[in-house]
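Below is one structure, written out as structure tokens, with a few remarks after it.
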Amino acid sequence: MFALRPLSNAASRRISKATVRAFAAAPSDEPLLKTALNSLHLELGGDMVPFAGYELPVLYKGENGGVMKEHLWCREEGKAALFDVSHMGQIKWHGKDRVKFIEKMVVGDVGGLSPGNGLLSMITNENGGILDDTVICNYEDYVFMVVNGACKHSDIAHFLKHLDDFDGDVAMEYLEESMQLLALQGPGAAAAIAKLLPTDFDLVNMGFMSGCETTIGGIEGCRLTRCGYTGEDGFELAMPSEYAEDIALKLLSDPSVNQTGLGARDSLRLEAGLCLYGNDLDETTTPIEGVLGWTLGGPKGRRRLEGGFTGADKMLKPDGKFIPVTRKRVGIMGMKAPAREHTEIYDASGEKMIGEVTSGTFSPSLKRPIAMGYVETFSAKAGTDICLKIRNKMQKASVTKMPFVPSNYYRKP
């Protein structure tokens, strides 16, 4: 683990205020939906904001609350952060041709997944643009998919459109609000969740990006997946809505577990070099531009050679190699002030605009600003000097590799 040093009160206030502004979306006439944990969030001091059509906590007030403290807690040895991510969409796919259909929708090798194993993939359109990113896990008699909350309804409409033209046995089951989703993340996540699992559950041999059906806290009908959005070891827990608060309270009764809001979730994922859909990925961006070509597999892999997914011809040559792109997603460091979304990126001379920042923050772990964005391909190499136009002034920076902090995903012994 890298060293964690406390920030000044001024730095903490700066990141908290910026985060609240970022998550406070424009007013909408649509009433906000509430997860099954809404009352609990309020009891715990949640600062509630609109996000993806839901009312969710951006941070919590209290001794261990605030974006900075919540963020650093998740990175600390022996501790874990608990997130409510029930706004996300949960879908089960049934039918003997389910994999065949899903592989028309996403770029990943779903057919190559053995039961209990999963992967991150991209849902693409006819132009190869990313409609959403999704975590997919294969089970014996169905495939389980989690999609982003802000995209779930458009994803479902996209699937339904293609289902109309699909000649095969497949059925989509959208779980709506019947199931809730929690994320437990951090070096202490395995120890914390182990207390709620059956005594014979083998966490040691549960690899990253694998999942299973199990009881959690004695509750039947739950699902556990070892994955996450922070760069740390962790799990996503799906459970029937009526038991979500009970399971959350059992986890929070462990002194190593801290309730954590959207603000820290965003800064944690950015430190880990992970994308936020709508900022770093959208329907005009291909997986190759997003430096997510690895989700298609290797150059000799089945998906690269066969294609078959929507938009494959826009990113793959007949031999499976990638069609060259004119821009790429990169990490950025070296600037003195945080560079927020839409900050213009220039070459080292400060004369030619070469791209734009898509995500940026002050890194609580590194105690310095970090950002990611897109630049013209010739400027995408790590170490390339660039300039950022921040508050109408040019600041020197450089392209850097991601993740910004070391990843600590679990590896089986």
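Just the heavy atoms: all of them, side chains too, but no hydrogens, waters or symmetry mates, feed the values below. Owing to the predicted nature of the structure, the values given are computational and were not obtained by experimental measurement.
- Looking at residues two or more places apart in sequence or on another chain, you find a side-chain hydrogen bond (donor to acceptor under 3.5 Å, both in side chains) between E356 and H342.
- Residues T295 and R303 bring no donor and acceptor atom of their side chains to less than 3.5 Å of each other.
- Contact detail for L37 and D84: the closest heavy-atom pair is CB-OD2, 3.7 Å.
- R327 has a carboxylate O that lies under 4.0 Å from a charged side-chain N of E289, or vice versa, which qualifies the two as a salt bridge.
- Enclosure of atom NZ in K34 is not indicated, since only 12 or fewer non-hydrogen atoms of other residues, nucleotides or ligands lie within 6.0 angstrom.
- In this structure, F208 has its ring center at least 6.0 angstrom away from the ring center of Y410.
- Using a 4.5 Å cut-off on side-chain heavy atoms (C-beta onward), T35 and L56 make contact.
- Aromatic ring centres of W93 and Y139 lie farther apart than the 6.0 Å criterion allows.
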Determine, step by step, whether D132 and T134 satisfy the side chain to side chain donor-acceptor pair (under 3.5 Å) criterion, reporting the C-alpha distance in whole Å, the side-chain angles of both residues, the deciding distance to 0.1 Å, and the verdict.
-> CA-CA 6 Å; D132 200 1; T134 176; over 6 Å; no
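- S359 and R269 form a side-chain donor-acceptor contact under 3.5 Å, judged by distance and modelled atom types alone.
- Listed by first and then second residue, the ring pair (Phe, Tyr, Trp, His ring centres under 6.0 Å) pairs that reach into residues 170-196 come to none, sequence neighbours excluded.
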Criterion side chain to side chain contact (heavy atoms under 4.5 Å, CB included) on M333 and L366, from CA distance to verdict = CA-CA 11 Å; M333 289 183 70; L366 301 176; 4.2 Å; yes
Determine, stepwise, if the pair D254 / K195 fulfils salt bridge (Lys or Arg N to Asp or Glu O under 4.0 Å).
-> CA-CA 9 Å; D254 187 326; K195 299 173 184 177; 2.8 Å; yes
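- Contact of the M372 side chain with the D280 side chain is registered, since non-hydrogen atoms from C-beta on lie closer than 4.5 Å.
- By the 30° and 60° cut-offs, the orientation of the rings of F144 relative to Y142 is perpendicular.
- Outside the 6.0 Å centre-distance limit, the rings of Y54 and F51 are not counted as a close aromatic pair.
- Enclosure of atom NZ in K328 is not indicated, since only 12 or fewer non-hydrogen atoms of other residues, nucleotides or ligands lie within 6.0 angstrom.
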What side-chain donor-acceptor pairs closer than 3.5 Å can you find for residues 101-114, not counting sequence neighbours?
from	atom 1	to	atom 2	distance (Å)
E103	OE1	R302	NH1	3.1
E103	OE1	R302	NH2	3.2
E103	OE2	V110	N	3.0
E103	OE2	G111	N	2.8
E103	OE2	R302	NH2	2.6
D109	OD1	G112	N	3.0
D109	OD1	R302	NH2	2.4
S114	OG	N117	ND2	2.4

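- In this model, a donor atom of one side chain and an acceptor atom of the other lie less than 3.5 Å apart for S86 and Q180.
- The environment of K100 atom NZ is sparse: at most 12 non-hydrogen atoms of other residues, nucleotides or ligands sit within 6.0 angstrom.
- A272 and R75 get closest at one heavy-atom pair: N-NH2, 4.3 Å.
- The cationic group of R304 lies under 6.0 Å from the six-membered ring centre of F322 and within 45° of the ring axis, placing it in a cation-pi geometry.
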Which is it for I370 and E271 under the side chain to side chain contact (heavy atoms under 4.5 Å, CB included) test, yes or no, and what are the steps along the way?
-> CA-CA 8 Å; I370 59 173; E271 285 187 346; 3.9 Å; yes
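- With no hydrogens or angles considered, no side-chain donor-acceptor pair links N258 and E70 at under 3.5 Å.
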